[in-house]
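The chains referred to below are lettered A, B, ... by the order of the sequence lines, with proteins before strands, and numbering in each begins at 1. Quick note: numbers below take in every heavy atom, side chains included, and nothing from hydrogens, waters or symmetry partners.
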Number of protein chains: 2
Amino acid sequence: MKKTSRDKLLDVTFEEVYRLGYCGAGTASILKKAGVPKGSMYHHFSSKKEMVLAMIEERLIPKVRDFFDFEMKKESSALDVMEYTLKKMSKNKMLIAHGCPLHRLMFEMGSIDKDIAQACEVEFQNISQNLARLLNFGMREGTLQKGNVEEMSGFIIASTWGFLSRPLGLSSKEQFLKDTEFLLTSIKKY
Amino acid sequence: MKKTSRDKLLDVTFEEVYRLGYCGAGTASILKKAGVPKGSMYHHFSSKKEMVLAMIEERLIPKVRDFFDFEMKKESSALDVMEYTLKKMSKNKMLIAHGCPLHRLMFEMGSIDKDIAQACEVEFQNISQNLARLLNFGMREGTLQKGNVEEMSGFIIASTWGFLSRPLGLSSKEQFLKDTEFLLTSIKKY
DNA sequence: TAATTAGTAGACTGGTCGGTTTAGTTTATT
DNA sequence: AATAAACTAAACCGACCAGTCTACTAATTA
């Protein structure tokens, strides 16, 4: 199964935008890395912006949903699921070193392009709601402190994004796990 | 006391880089907003990068030190100082809406320019150390949970930056205060 | 097989980027 | 007042930006 030009473009666009940001990522270097000529790009997408919007839907969001997967599995507690999720994130070197790609792009685009920022915000809301559902379960289950689940889930994601955006030299798996340990103590019920 | 061209340039550079990022901020629009011709800019600075580095030292860092001012004043506890600092931050509309300018720039430049990223990281370390001193005091004083002060101060700043980088529509003074309330419960001693 | 569509290919465009150059104007020094 | 240094002013430069254009080839359908 050979990769199509469209697929190559979306893959490289994800990498370049993750690394350099929307403004920093140039179409020329994306094209070169993907080994795709300009005409093909503008055949598949009407503009750089449209290509990035497609990349968000087809690459960024699926990846981020995989990181922030708060589905209840097996017979585990809500707290177990959170700990498992955070541990899984800590193993992703790119995530630890360069932060959450959704956070990066959303943060950059806030004052630059509303459509792109909006696409990111919608997914933030989605993740937040998934986590809220898990928190609700944990509260009824008795492993988590009671409180406003929407506020709490936003708090958890925002602080997690904060941990992931530490300066490069100070960002490590160990550091992230320590940070999240602090975080969990603030919502656990003893 | 008239503002010099250099001062105007640094002021506008701060605003533009804060709003649009380093890559997004163009010299042309900085020059136009400052009402300064190009020749003057390149008389005072050898490049855009050097101008931004000067802006970091002379504008960004002083501002950020004012936000994250953890000096013990009066006869208050370490916890009081933290609460006061967070409250003061919550009143700054730009900070709430667009995040911490130091965080923004550091995050963007990580993979783009090491010198600029480094300048930001050094200041992060500095703020972190100031907070660590306060935490140390709070621990001896008995208002804060004992633990590794360096880890804890990094955790506090990282999560605070996270709160400040929420999506625009969901970022408010109230939300920030709720977030920081959660945060404080994780380090307070009861 | 003929016609149509989907996709490839890359030269090219106009505008903007950061940066240079040269000339002129202030301001400070002697 | 003479000189030098600090600064202003804007035309200019090549490189690069996103985006267009026309020509071509591969795959699909009639």
Side-chain angles (χ1 to χ4, degrees), chain A residues 1-56 58-60 105 108-109 111-117 119, chain B residues 1-56 58-60 105 108-109 111-117 119:
Chain A
M1 188 61 187
K2 231 184 88 187
K3 252 200 241 179
T4 65
S5 287
R6 195 172 180 282
D7 279 332
K8 284 188 226 164
L9 283 170
L10 291 178
D11 288 343
V12 177
T13 299
F14 172 80
E15 286 166 21
E16 290 287 288
V17 171
Y18 187 17
R19 205 165 54 90
L20 305 169
Y22 179 81
C23 294
T27 51
S29 86
I30 291 173
L31 259 11
K32 197 179 168 187
K33 286 198 180 179
V36 167
K38 201 160 241 188
S40 304
M41 169 184 160
Y42 282 95
H43 169 74
H44 292 289
F45 310 103
S46 64
S47 65
K48 176 189 176 184
K49 175 175 165 175
E50 288 301 321
M51 183 164 74
V52 169
L53 283 168
M55 177 278 280
I56 292 170
E58 300 174 39
R59 295 290 185 279
L60 200 157
L105 192 54
E108 181 193 1
M109 299 315 281
S111 320
I112 293 177
D113 186 287
K114 288 207 167 184
D115 298 320
I116 296 178
Chain B
M1 186 65 186
K2 230 184 90 190
K3 253 201 241 181
T4 66
S5 288
R6 194 172 181 281
D7 280 330
K8 285 189 224 162
L9 284 170
L10 290 179
D11 288 343
V12 177
T13 299
F14 172 80
E15 285 165 21
E16 290 288 287
V17 171
Y18 186 18
R19 205 165 54 91
L20 305 170
Y22 179 81
C23 294
T27 52
S29 86
I30 291 173
L31 258 12
K32 196 179 169 188
K33 287 199 179 178
V36 167
K38 203 161 241 192
S40 304
M41 168 184 162
Y42 283 96
H43 168 75
H44 292 289
F45 310 103
S46 63
S47 65
K48 176 188 178 185
K49 175 174 164 176
E50 288 301 321
M51 183 163 73
V52 169
L53 282 169
M55 177 276 281
I56 292 171
E58 299 173 40
R59 295 290 184 279
L60 201 157
L105 192 54
E108 180 193 3
M109 299 315 281
S111 319
I112 293 176
D113 187 288
K114 288 208 167 184
D115 297 320
I116 296 178

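- The distance from atom CG of A:Leu9 to atom P of C:dT8 is 9 Å, rounded to the nearest whole Å.
- Counting only distance, with no hydrogens or angles, the side chain of B:Glu108 and the backbone of B:Cys23 share a donor-acceptor pair below 3.5 Å.
- Within a 6.0 Å radius of NZ in B:Lys114, other residues, nucleotides and ligands contribute 12 heavy atoms or fewer.
- As a whole-Å value, the separation of B:Lys8 NZ from D:dT8 C1' is 11 Å.
- Distances were taken from every side-chain heavy atom of A:Ser5 (C-beta onward) to each of D:dT8, C:dT8, D:dG19; the shortest belongs to C:dT8.
- As a whole-Å value, the separation of A:Phe45 CZ from C:dA6 C1' is 14 Å.
- With hydrogens and angles ignored, the 3.5 Å screen pairs no side-chain donor or acceptor of A:Ser40 with any backbone N or O of A:Val36.
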Worked verdict on A:Met55 versus A:Asp11 for side chain to side chain contact (heavy atoms under 4.5 Å, CB included): CA-CA 8 Å; A:Met55 177 278 280; A:Asp11 288 343; over 6 Å; no
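- Put simply, the side chain of B:Phe45 reaches to within 4.5 Å of the side chain of B:Leu10, judged on heavy atoms.
- Contacts of residues 20-33 of chain B with DNA chain D (heavy atom under 4.0 Å): none.
- Dashed line: the shortest gap from a side-chain N or O of A:Tyr42 to OP1 or OP2 of D:dT20 is not under 4.0 Å.
- In this structure, the CZ atom of A:Arg6 is 19 Å from the C1' atom of D:dA26, given to the nearest Å.
- Of the candidate nucleotides C:dG7, D:dA18, C:dG19, C:dG19 has the atom nearest to the side chain of B:Lys48.
- Taking 4.0 angstrom as the limit, B:His44 places a side-chain polar atom (N or O) nearer than this to OP1 or OP2 of D:dT8.
- Straight-line distance from the CE atom of A:Met51 to the P atom of D:dA18: 9 Å, rounded to whole Å.
- Cation-pi geometry between A:Lys48 and A:Tyr22 is met: under 6.0 angstrom from the ring centre, within 45 degrees of the axis.
- In this structure, A:His43 atom NE2 and D:dC21 atom C1' are separated by 15 Å, rounded to whole Å.
- Looking at heavy atoms from C-beta onward, A:Arg6 lies in side-chain contact with A:Glu58 at the 4.5 angstrom threshold.
- For C:dG19, the base has a donor-acceptor partner in the side chain of B:Lys38 [N/O atoms by modelled type, under 3.5 angstrom].
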